[in-house]
Participant: 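First the structure, then my questions, so here it is.
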Amino acid sequence: MIINLISDTVTKPTLRMLQAMMAAEVGDDVFRQDPTVNRLEKMAASMFAKEAALFCPSGTMTNQIAINVHTERLDEVICDEYSHVYQYETGGYSSNSGVAINLIKGQNGKITAGQIKDAIKPEFDWLPRSRLVVIENTCNKGGGSFYTIDELRPIHQLCKESDLRLHLDGARIFNALVETRDKPEAIGELFDTISICLSKGLGAPVGSLLIGNQEIIKKARKVRKVLGGGMRQAGYLAAAGLYALEHHIERLKIDNENAKKLGRVLATLDYIENVCPVQTNIVIFDVKAPFTSASFIELLEKFGILASPFGPQTVRFCTHLDIDDTMIEKTVEVLSQKITKAV
Ligand SMILES: *Cc1c(COP(=O)(O)O)cnc(C)c1O
């Protein structure tokens with residue numbers, strides 16, 4: 001038994017999801033003739049009470065499109081220093097959109113309206129124009145931290161007053177919403193665009209959606225095309241996404257609980273320190289010397305457990321659809337008995 005805690009992107013389609021994909025009615029989506037893609041886009045838009053949505057191959061693409069549609073060259077994007085758009089998208093904001101980035105040191109990846117206000121640049125010829133704020137919810141590098149709606153409202157208000165656009169990188173938004181019990185439509189009201197990933201905890205093999213109003217999504221469709229993301233019979237993939245949105249949201253609570261269980265055990269172990277407060281399905285912690293993240297991960301692998309390095313001493317576990325109770329029990333046993341003995 002391999003226990004793959006590397007990422008929630010490692011999930012494989014369930015049998016029922018595969019059946020839904022096999023049964024999908026498809027067409028050429030570049031001509032807007034794939035009924036399953038159309039259905040998925042409509043469903044995602046209406047969940048967040050927005051007018052339209054665009055199915056894309058990845059969350060990197062939906063974020064990059066969002067940056068592109070909201071900005072002009074020489075603008076800047078304001079976000080937390082841990083943001084995916086800054087950390088893990090190969091600096092695409094600069095090459096795809098010609099914009100600068102203005103980083104805020106938030107708390108576990110979360111920033112406040114006050115911090116954003118202080119970051120907005122005055123209008124001088126020698127400064128980039130502050131144009132877009134990106135909020136990540138949940139925040140991956142922040143240990144899966146999430147915003148409550150009461151934390152998001154002042155950010156929305158500030159952006160409105162300051163003529164800033166607001167994009168949500170909601171790759172794992174549903175891991176947050178099963179905790180806060182906020183409604184997606186209430187989230188939709190606060191953001192100009194929302195990106196959600198179907199290929200993370202929701203368990204689809206491929207796919208993300210960019211959600212917004214008609215005008216923005218119309219522009220986004222062109223940008224997707226030029227990024228090489230116009231897909232043909234994409235309905236097979238969209239069918240997996242539809243299945244995921246219909247059947248795999250509520251169960252994310254299980255992933256969050258499993259991660260919390262791992263976090264509680266890690267906090268009791270002598271060879272571990274700095275366990276990030278576990279709020280959703282991500283557990284980030286440090287291993288003490290003489291362990292390094294590399295040597296610890298190598299040792300875990302001998303017990304059939306896979307994890308990802310997040311720094312010289314830092315390790316990440318991520319729970320998901322393909323991790324069950326038995327695997328969590330086995331991981332707990334390895335961490336608290338087998339490795340403890342080996343140290
Ligand atoms: C995974 C992820 C993305 C998108 O990643 P892709 O691998 O390109 O789909 C975007 N933002 C966050 C916070 C993510 O975790």
Side-chain angles (χ1 to χ4, degrees), residues 4-13 40 44 53-68 77 79-93 95-97 101 103-104 106 108-111 132-147 152 166-177 187 191 193-211 220 223-224 227-229 231 234 237-238 240-241 244-245 248 252 255-256 259 276 279-284 307-308 310 316-321:
N4 191 341
L5 299 170
I6 288 177
S7 176
D8 46 8
T9 55
V10 303
T11 55
K12 299 198 178 133
L40 173 66
L54 182 68
F55 185 48
C56 290
S58 73
T60 299
M61 190 182 281
T62 47
N63 281 338
Q64 289 299 313
I65 293 173
I67 291 171
N68 195 274
V77 176
C79 63
D80 183 87
E81 61 180 351
Y82 283 176
S83 299
H84 196 278
V85 293
Y86 173 64
Q87 295 277 347
Y88 305 118
E89 300 183 9
T90 332
Y93 56 88
S95 66
N96 289 327
S97 302
I101 205 144
L103 299 177
I104 295 178
N108 294 327
K110 287 170 58 184
I111 55 180
L132 172 67
V133 174
V134 176
I135 293 294
E136 190 170 312
N137 193 18
T138 69
C139 178
N140 171 25
K141 205 172 157 66
S145 56
F146 61 78
Y147 291 80
L152 293 172
L166 184 57
H167 171 67
L168 173 64
D169 178 352
R172 298 190 178 83
I173 184 65
F174 295 108
N175 287 87
L177 296 185
I187 298 289
F191 291 90
T193 47
I194 297 167
S195 158
I196 67 169
C197 282
L198 303 166
S199 61
K200 299 256 160 96
L202 290 177
V206 176
S208 293
L209 288 145
L210 184 66
I211 303 164
V223 179
R224 180 186 69 173
L227 291 177
M231 298 183 288
L237 298 173
L245 289 176
H248 288 169
L252 291 170
D255 299 343
N256 293 355
C276 240
Q279 299 196 10
T280 52
N281 70 326
I282 289 172
V283 193
I284 293 179
S308 52
F310 247 54
R316 186 187 80 169
F317 287 159
C318 189
T319 57
H320 52 78
L321 184 62

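Read the numbers this way: they start at 1 and go in the same order the structure lists the ligands and their atoms. As the structure is a computational prediction, the values presented were derived from the model and not from experiment.
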Participant: Do me a favour and list the nearest non-hydrogen protein atom to atom 7 (O) of ligand 1 with residue, atom name and distance?
Facilitator: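 Going atom by atom, the protein heavy atom closest to atom 7 (O) of ligand 1 ends up being Thr60 OG1, 4.5 Å.
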Participant: So which heavy atom in the protein is nearest atom 6 (P) of ligand 1, and how far is it from that ligand atom?
Facilitator: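 For atom 6 (P) of ligand 1, the nearest protein heavy atom is Gly59 N, 3.6 Å.
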Participant: Could you tell me, atom by atom, which parts of ligand 1 come under 4.0 Å of a heavy atom of Glu136?
Facilitator: 13 (C)
Participant: What atoms of ligand 1 come within less than 4.0 Å of a heavy atom belonging to Asn63?
Facilitator: 10 (C), 11 (N)
Participant: Check the pair Phe174, Ile196 against side-chain contact (heavy atoms from CB on, under 4.5 Å), reporting the backbone distance first and the verdict last.
Facilitator: CA-CA 9 Å; Phe174 295 108; Ile196 67 169; 4.0 Å; yes
Participant: For Asp8, which residues count as a side-chain hydrogen bond (donor to acceptor under 3.5 Å, both in side chains) partner, sequence neighbours excluded?
Facilitator: Arg172, Asn281
Participant: Give me the residue, atom name and distance of the protein heavy atom closest to atom 14 (C) of ligand 1.
Facilitator: Lys200 NZ, 2.8 Å
Participant: Could you tell me if the side chain of Glu136 sits less than 4.5 Å from the side chain of Val85, heavy atoms only?
Facilitator: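 A side-chain contact is absent here, since even the closest heavy-atom pair is not under 4.5 Å.
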Participant: Any donor and acceptor pair, going by atom type alone, linking the side chain of Tyr147 with main-chain N or O of Ile111 inside 3.5 Å?
Facilitator: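 Here the side-chain-to-backbone pair exists.
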Participant: Residues in ring-ring contact (aromatic ring centres under 6.0 Å, His included) with Phe317, at least two apart?
Facilitator: Phe285
Participant: In terms of atom number and element, which parts of ligand 1 are under 4.0 angstrom from non-hydrogen atoms of Ser58?
Facilitator: 8 (O), 9 (O)
Participant: Would you please determine whether Met61 falls within less than 4.0 Å of ligand 1 on a heavy-atom basis?
Facilitator: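 Under 4.0 Å: no for Met61.
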Participant: I'd like to know if atom 9 (O) of ligand 1 has any protein heavy atom within a distance of less than 4.0 Å.
Facilitator: yes
Participant: For Arg224 and Phe55, indicate whether the former's side chain and the latter's backbone hold a donor-acceptor pair under 3.5 Å.
Facilitator: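 Yes, because the side chain of Arg224 sits within donor-acceptor range (under 3.5 Å) of the backbone of Phe55.
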Participant: Verify side-chain contact (heavy atoms from CB on, under 4.5 Å) between Leu198 and Leu40, making sure each step is shown before the conclusion.
Facilitator: CA-CA 11 Å; Leu198 303 166; Leu40 173 66; 4.0 Å; yes
Participant: Please write down residue, atom name and distance for the protein heavy atom closest to atom 11 (N) of ligand 1.
Facilitator: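 Ranking protein heavy atoms by distance from atom 11 (N) of ligand 1, first comes Asp169 OD2, 2.7 Å.
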Participant: Below 4.0 angstrom from a heavy atom of Arg172, which ligand 1 atoms are there? Numbered from 1 as shown, please.
Facilitator: 15 (O)
